[in-house]
Amino acid sequence: MKLYNTLTKKTDDMLPLDGKSIRIYSCGPTVYDHSHIGNLGSFIFADTLRRTVAANGVKARHVMNFTDIDDKTIRRAQENYGDLEPMAALIKLTEEYGRIFMADMKAVGNDVTAMTFTKATEHIDQMQGLIRELHEGGFAYVADDGVYFSIKAYKKSGKKYGQLSEVTVSSTSQARISNDEYDKESAHDFALWKKQKPAEPAWDFELAGHDLRGRPGWHIECSVMSSGELGQPFDIHTGGVDLTFPHHENEIAQSTAGHDDPLYAKLFAHNEHLLVDGRKMSKSLGNIYTLKDIQEKGFDPLAFRLLVLQAHYRSQAHFSWENLEAAQNRLQDLRALAALRWQPRKVAHDSGTEALRDIPDELAAILADDLDTPRALAYLSRVSAQLLAVHIEEDMVDHFVAMLQGVDALLGLGLLDVKDITSGQKKLIAEREAARADKDWKRSDEIRDELASQGVGLSDHPHGVIWFPLGPSRPVQK
RNA sequence: GGCGCGGUGGCCGAGUAGUUAGGCAGUGGUCUGCAAAACCAUUUACGCCGGUGCAAAUCCGGUCCGUGCCUCCA
């Protein structure tokens with residue numbers, strides 16, 4: 001497959017470095033609050049990437065981290081659970097939001113069983129080990145408030161800082177450094193380790209005779225967890241565009257300082273932001289949404305997944321309730337298609353459909369082209385329209401289900417989860433057919449309304465009635 | 001200021017020179033007991049200015065607008 005690489009600024013062919021599997025590391029959530037829908041969009045991208053790799057015949061290993069120790073988690077833990085010990089408060093907070101995060105992930109169709117999740121707080125030893133190595137190699141120095149990475153030393157060793165983006169030290173950040181309370185040697189030096197401040201959770205750490213009890217910096221955790229789980233170099237590193245600099249740049253520096261092999265990850269894939277009202281979500285604009293907001297409005301979380309997939313990951317998608325409603329409608333159409341597996345019928349064969357088994361293969365091929373999800377969905381809609389126009393015959397059901405399985409494996413839209421209706425509902429349909437035969441339209445319409453209230457829609461065709469799942473009742477107010 | 005990205009019909013969103021993208025929504029019609037679905041028709045767009053082409057949404061220059069990073073924000 002091909003994928004755009006921020007390192008090379010072009011679309012590269014993805015071949016497994018180890019010849020067997022593609023190893024993917026995704027920067028995960030900071031578990032201090034509900035993830036907003038932009039976060040989830042990033043993870044939908046990462047999930048779809050892994051699905052595409054797997055569908056194109058290569059084994060995929062996918063690791064995602066939890067940032068469960070940083071400024072935000074510490075602050076929120078103090079706010080919410082100030083009565084607890086700092087460490088206990090941190091754990092209580094991050095476990096709480098970790099659970100919510102996993103629920104959100106599943107709800108938007110991300111296959112968490114195919115990923116390995118790691119926590120920063122469970123890798124403190126390894127982080128200290130790496131910091132020790134960097135210090136011994138002359139790439140890190142101890143300052144008043146912690147340990148810093150020296151970009152100067154890194155450059156001196158012959159490596160480039162700024163592989164992902166051209167880093168320029170602007171006048172504004174120059175000005176900032178002079179005011180900076182931190183004891184840094186240069187503007188872009190970043191913290192590997194921070195000494196404990198009052199009421200903060202901390203771990204013991206002694207380095208070169210200094211007592212540095214404290215906690216790790218943000219960047220070091222990803223360096224440690226990625227290579228720890230996947231080895232180094234690994235194949236693909238994902239994240240939102242905002243992580244390009246400084247986070248990913250710093251990861252590269254930390255992980256390659258003193259190494260002969262200058263490669264940390266072969267390919268960096270960055271997804272663009274999801275915009276709301278044409279802008280990036282931010283607290284100051286008050287336009288942050290979470291999955292909870294979407295669910296409370298009666299939308300299906302998978303409609304949000306579809307909305308994300310409708311845009312290419314390298315372009316800014318626009319979130320609005322109107323767009324979400326369009327996506328919800330599109331999802332219902334796909335579910336109506338999926339429902340046909342439960343209602344095969346004997347009719348004249350229609351040869352106009354594409355071979356069912358080719359559909360997942362075709363989708364996989366489209367997605368293999370730099371994860372072209374909009375084109376994949378356009379293809380699926382086209383095929384879906386063709387399939388809806390015919391009837392699934394009994395001897396086609398197995399192939400049809402296999403097709404749905406293939407589509408679900410790639411897009412995670414849960415089409416296979418469309419359940420059969422109950423025997424009671426089937427009886428009602430039969431009763432309605434009898435009423436229609438008697439031209440008892442009143443009874444017929446009553447039954448149709450009753451089924452609609454149960455979430456089952458009906459459509460009368462020359463060859464008989466077809467049912468389909470109804471979406472949530474029109475949630476949007478214009 | 002430095003480094004990027006984008007401006008397509010009511011809303012999304014494909015499209016790197018010449019044949020209807022597609023989706024959602026709207027309108028009229030066919031069909032239907034009524035619906036739904038489907039089908040037909042309809043709305044024919046490409047920020048603005050200029051340039052190069054027989055021909056430009058598509059190439060070049062300029063310009064306006066929006067947006068992102070340069071701040072431990074996906």
- Query: rG7(B) and rU43(B): how far apart are their C1' atoms, nearest whole angstrom?
  - Reply: 22 Å

- Establish, yes or no, whether a centroid distance under 6.0 Å links the rings of F299(A) and W321(A). yes

- Query: Counting side-chain heavy atoms from CB outward, which of rC73(B), rG68(B), rG13(B) is closest to H273(A)?
  - Reply: rG68(B)

- Task: Mind checking side chain to side chain donor-acceptor pair (under 3.5 Å) for R215(A) and listing every partner two or more places apart, or none if nothing turns up?
- Result: D71(A)

- Query: Taking the same atom, P, in rA17(B) and in rA57(B), what whole-Å distance lies between them?
  - Reply: 13 Å

- Task: Considering just the side-chain nitrogens and oxygens of K442(A), establish if one lies under 4.0 Å of OP1 or OP2 belonging to rG33(B).
- Result: no

- Query: When the nearest nucleotide of RNA chain B is assigned to A378(A) and to P246(A) on a heavy-atom basis, which residue is associated with the more 5' position?
  - Reply: A378(A)

- Message: Any donor-acceptor pair, under 3.5 Å, between the side chain of D333(A) and the base of rC24(B), if you only look at N and O atoms?
- Response: no

- Message: Of the listed nucleotides (rC73(B), rC11(B), rG33(B)), which one gets closest to any side-chain atom of S444(A)?
- Response: rG33(B)

- Query: Of the nucleotides rA37(B), rG13(B), rA74(B), which has the atom closest to the N39(A) side chain?
  - Reply: rA74(B)

- Query: So, Y154(A) versus F149(A), ring centres under 6.0 angstrom or not?
  - Reply: yes

- Determine the Euclidean distance between corresponding C1' atoms of rC39(B) and rU52(B); express it in Å to zero decimal places. 45 Å

- Could you check if a side-chain atom of F234(A) sits within less than 4.5 angstrom of a side-chain atom of E229(A), using non-hydrogen atoms only? no

- Task: Could you work out which one of rC12(B), rG33(B), rA74(B) sits closest to the side chain of W441(A)?
- Result: rG33(B)

- Task: Could you give the distance separating rG50(B) and rA56(B) at their C1' atoms, to the nearest angstrom?
- Result: 14 Å

- Note on the structure: Quick note, D242(A) side chain, CB onward, closest among rA37(B), rG23(B), rC73(B) is rC73(B)

- Note on the structure: Testing rA74(B), rA36(B), rC34(B) for proximity to the side chain of D460(A), the answer is rC34(B)

- Message: For a quick test of reading the model: is some side-chain N or O of N329(A) closer than 4.0 Å to OP1 or OP2 of rA25(B)?
- Response: yes

- Message: Whether the side chain of D445(A) and the base of rG33(B) hold a donor-acceptor pair under 3.5 Å is what I'd like checked.
- Response: yes

- Message: So, under a plain 3.5 Å distance rule, would you say the side chain of R448(A) forms a donor-acceptor pair with the base of rA36(B)?
- Response: no

- Is there a donor and acceptor pair closer than 3.5 Å between the side chain of S459(A) and the base of rA37(B)? no

- Judged by modelled atom types alone, do S42(A) and N271(A) share a side-chain donor-acceptor pair under 3.5 Å? yes

- Under a 3.5 Å limit on both distances, the Watson-Crick or wobble mate of rU67(B) is rG4(B)

- Using the purine O4'-C1'-N9-C4 or pyrimidine O4'-C1'-N1-C2 torsion, is rG53(B) syn (within 90° of 0) or anti? syn

- Query: On a plain distance test, is the side chain of S315(A) in donor-acceptor contact with the base of rG13(B) below 3.5 Å?
  - Reply: no

- Note on the structure: Picking from rG68(B), rC70(B), rA74(B), the nucleotide nearest the side-chain atoms of N271(A) would be rA74(B)

- Answer yes if the ring centres of H36(A) and Y289(A) are under 6.0 angstrom apart, and no otherwise. no

- Task: Could you check which of rG13(B), rG68(B), rA74(B) has an atom nearest any side-chain atom of L274(A)?
- Result: rA74(B)

- For L377(A) and G41(A), take the nucleotide of RNA chain B holding the closest heavy atom to each; which residue's nucleotide lies nearer the 5' end? L377(A)

